[in-house]
Amino acid sequence: MTAPAKPEPNRTDFAARLVAWYDRHHRRLPWRVAPGERARGLRALPYRVWLSEIMLQQTTVAAVKPYYERFLRDWPDVESLAAAEREAVMKAWAGLGYYSRARNLKKCAEEVVARHDGVFPADVAALRALPGIGAYTSAAIAAIAFDIPVAVVDGNVERVVTRHAAIEAPVATVKKDIAAIVERWLPAERPGDFAQAMMDLGATICTPRAPACALCPVSADCAAFAAGEAERYPVKPAKVAKPVRTGAAFVAERADGAVLLRKRGETGLLAGMSEVPTSAWSARTNGADGIEAAPFAAGWRAAGEIRHVFTHFELRLAVYHARFDDDAPAGHWWSPRHLVHGEALPTVMKKAIETAIPGATKKPTVTGASL
DNA sequence: TAGACGTGGGT
DNA sequence: TACCCAAGTCT
């Protein structure tokens with residue numbers, strides 16, 4: 001990018017307006033750090049900031065809340081998480097998506113305990129070296145948990161900055177420039193609250209669509225606002241069509257209602273999660289993916305079809321259902337009906353099971369006959 | 001560096 | 001319905 005035509009606001013000016021706004025309008029969130037907490041150096045604080053930051057990667061606040069509460073309840077500190085069964089962590093993460101986060105979460109907890117004496121390092125580079133912690137998350141933890149003055153740049157901040165400076169270049173090509181601008185705005189006082197203020201501004205005022213510029217504390221020197229085209233930024237590349245893959249899922253049900261499951265591999269899509277048996281997911285939109293792909297002979301009958309959209313492709317699955325009363329084949333297990341809801345099942349697999357056996361993935365009630 | 005990697009909610 | 005997108009990381 002080129003230098004803005006107008007002089008940038010000095011750091012005191014921009015940060016003062018923003019933090020003053022934050023003091024009045026900040027969001028109340030379960031993991032939010034109150035200034036008093038940080039001042040007291042609460043030992044559990046870095047753990048809570050880290051946990052919430054990992055969960056919030058590419059994930060909405062509303063989706064994260066129940067997961068965050070449950071994790072904090074089951075594993076209140078980094079030692080308990082490091083000592084947890086990996087399978088229990090995967091089960092607790094099921095439904096949140098991007099499952100490599102859960103695997104790295106566990107690995108990171110183990111490393112903090114083994115290599116850092118159970119204490120998160122108050123250092124950007126050391127944080128960055130931990131599994132699952134990248135450029136954004138290392139800076140966010142440093143700023144929010146330790147009040148270290150560092151530029152924290154997430155999608156919200158990119159939007160605020162590209163609008164404020166009217167940056168025309170695609171955002172992917174100007175990451176360094178954006179960080180440099182944030183550095184210049186960074187205040188010496190309350191850098192952690194400044195970081196959270198930037199993100200809150202992006203989330204509540206400087207929104208992707210229909211930004212509330214009339215309420216913005218830094219609109220006075222915003223180039224995009226001055227030009228009346230805030231919504232045009234950040235400039236993004238054209239989208240590409242998602243390919244379609246097809247396959248079949250086989251839901252085997254035992255007489256007592258148990259469901260046959262197996263484990264997915266350790267790498268790739270949905271790695272380390274559980275599933276019902278499925279065919280390979282081909283790129284064809286029609287053809288051989290059908291009942292002939294069944295993993296074993298049984299009275300398979302068509303139960304319906306599901307469509308599930310992943311980040312980079314769309315999946316259409318024909319769902320088959322059968323009664324099957326033998327022992328579980330090698331590598332499979334029978335999950336008792338009342339435990340299915342707690343299995344490490346990704347959403348796409350819960351959809352498949354629900355299509356064959358409505359209600360099977362719901363948590364049973366105490367009055368349920370299945371108990 | 002570009003592609004892989006999930007999901008649910010809003011419009 | 002279809003599309004957009006939400007506090008990114010890893011390879």
Side-chain angles (χ1 to χ4, degrees), chain A residues 26-27 29-33 48-68 90 93-105 107-108 127-145 151-160 170-173 175-176 178-179 182 192 195-204 206-210 231 234 236-245 264-273 275 281 306-315 344-351:
Chain A
H26 66 85
R27 289 178 293 174
L29 302 170
W31 47 84
R32 184 70 89 186
V33 181
R48 289 199 264 142
V49 172
W50 164 69
L51 178 61
S52 65
E53 290 299 341
I54 300 298
M55 288 184 166
L56 286 161
Q57 289 168 6
Q58 300 290 288
T59 308
T60 59
V61 164
V64 164
K65 275 181 180 172
Y67 285 85
Y68 175 80
M90 299 311 287
W93 197 276
L96 238 204
Y98 284 140
Y99 298 101
S100 68
R101 293 184 296 173
R103 297 195 300 279
N104 285 147
L105 188 82
K107 281 196 280 184
C108 183
L127 289 165
R128 179 79 175 76
L130 265 5
I133 297 183
Y136 160 75
T137 304
S138 55
I141 296 172
I144 298 171
V152 178
V153 182
D154 72 338
N156 287 306
V157 176
E158 287 176 356
R159 191 166 55 252
V160 170
V171 63
T173 69
K175 301 259 183 196
K176 282 187 161 62
I178 292 170
V182 175
Q196 296 183 92
M198 287 288 280
M199 293 191 278
D200 269 23
L201 186 74
T204 66
C206 198
T207 49
R209 282 159 299 177
E231 207 164 335
K236 296 191 169 174
K239 58 181 177 293
V240 297
K242 280 190 205 302
V244 176
R245 297 185 199 174
R264 290 181 62 84
E266 289 305 304
T267 59
L269 191 71
L270 309 176
M273 301 298 284
E275 66 174 4
W281 303 343
I306 60 170
R307 192 175 76 102
H308 191 78
V309 181
F310 292 98
T311 306
H312 52 298
F313 69 93
E314 173 186 330
L315 179 64
L345 290 166
T347 296
V348 62
M349 294 301 159
K350 287 190 173 176
K351 280 190 196 175

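Each chain gets a letter, A, B and so on, in the order the sequences are listed, and its residues count up from 1.
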* Quickly, which of A:Arg48, A:Met199, A:Arg32 forms a side-chain contact (heavy atoms from CB on, under 4.5 Å) with A:Ile144? Name it, please. => A:Met199
* Does the side chain of A:Leu269 reach to within under 4.5 Å of the side chain of A:Trp281, using non-hydrogen atoms? -> yes
* **Any A:Val171 side-chain heavy atom under 4.5 Å of A:Ile178 side chain** =>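 The answer is yes; the side chains approach within 4.5 Å.
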* Structure fact -> In 5'-to-3' order, the base (B), backbone-only (S) or no-contact (-) status of each nucleotide in nucleotides 6-11 of chain B, using a 4.0 angstrom heavy-atom cut-off, is BBS---
* May I ask you to verify if any side-chain N or O of A:His312 is less than 4.0 angstrom from the OP1 or OP2 atom of B:dC5? => yes
* Under 4.0 Å between a side-chain N/O of A:Lys239 and OP1 or OP2 of C:dC4, yes or no? ->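 Yes, A:Lys239 has a side-chain N/O under 4.0 Å of OP1/OP2 on C:dC4.
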* DNA chain C: A:Glu53 or A:Leu130, which has the more 5' nearest nucleotide? ->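 Between the two, 5'-proximity favours A:Glu53.
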* To do: Let me know, please, whether A:Arg159 or A:Arg307 comes out on the 5' side of the other along DNA chain C by nearest nucleotide.
  =>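 Closest to the 5' end, via its nearest nucleotide, is A:Arg307.
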* Asked: At what distance, to the nearest 0.5 angstrom, does CG of A:Asn104 lie from CG of A:Leu130?
  -> 10.0 Å
Rounded to the Å, how far apart are [X] [atom1] and [N] [atom2]?
X: A:Glu158; N: C:dC5; atom1: CD; atom2: P; answer: 13 Å
X: A:Arg245; N: B:dA4; atom1: CZ; atom2: C1'; answer: 10 Å
X: A:Lys242; N: B:dA4; atom1: NZ; atom2: C1'; answer: 12 Å

Counterpart residues, side-chain contact (heavy atoms from CB on, under 4.5 Å), relative to [X] (two or more places apart):
X: A:Lys242; result: A:Val309
X: A:Thr59; result: A:Ala63, A:Val64, A:Leu96, A:Arg101
X: A:Thr137; result: A:Glu53, A:Ile54, A:Gln57, A:Ile133, A:Ile141
X: A:Pro30; result: A:Lys65, A:Tyr68, A:Glu69

* If we take the P atom in both C:dT11 and B:dG6, what is their distance in whole Å? -> 14 Å
* **Rounded C1' spacing from B:dT1 to C:dC10 in Å** =>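 It comes out at 12 Å once rounded to the nearest Å.
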* Would you indicate what A:Trp31 reaches in the nucleic acid, counting non-hydrogen atoms under 4.0 angstrom: base, sugar-phosphate, or nothing? =>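 Base contact.
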* Base, sugar-phosphate, or nothing: which does A:Ile144 touch, judged by heavy atoms less than 4.0 Å apart? -> nothing
* To do: Answer with yes or no after comparing the ring centroid distance for A:His308 and A:Phe310 against a 6.0 Å cut-off, counting only values under it.
  =>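 A:His308 vs A:Phe310: aromatic centres under 6.0 Å.
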* Which of residues 133-142 of chain A have a heavy atom under 4.0 Å from DNA chain B? -> none
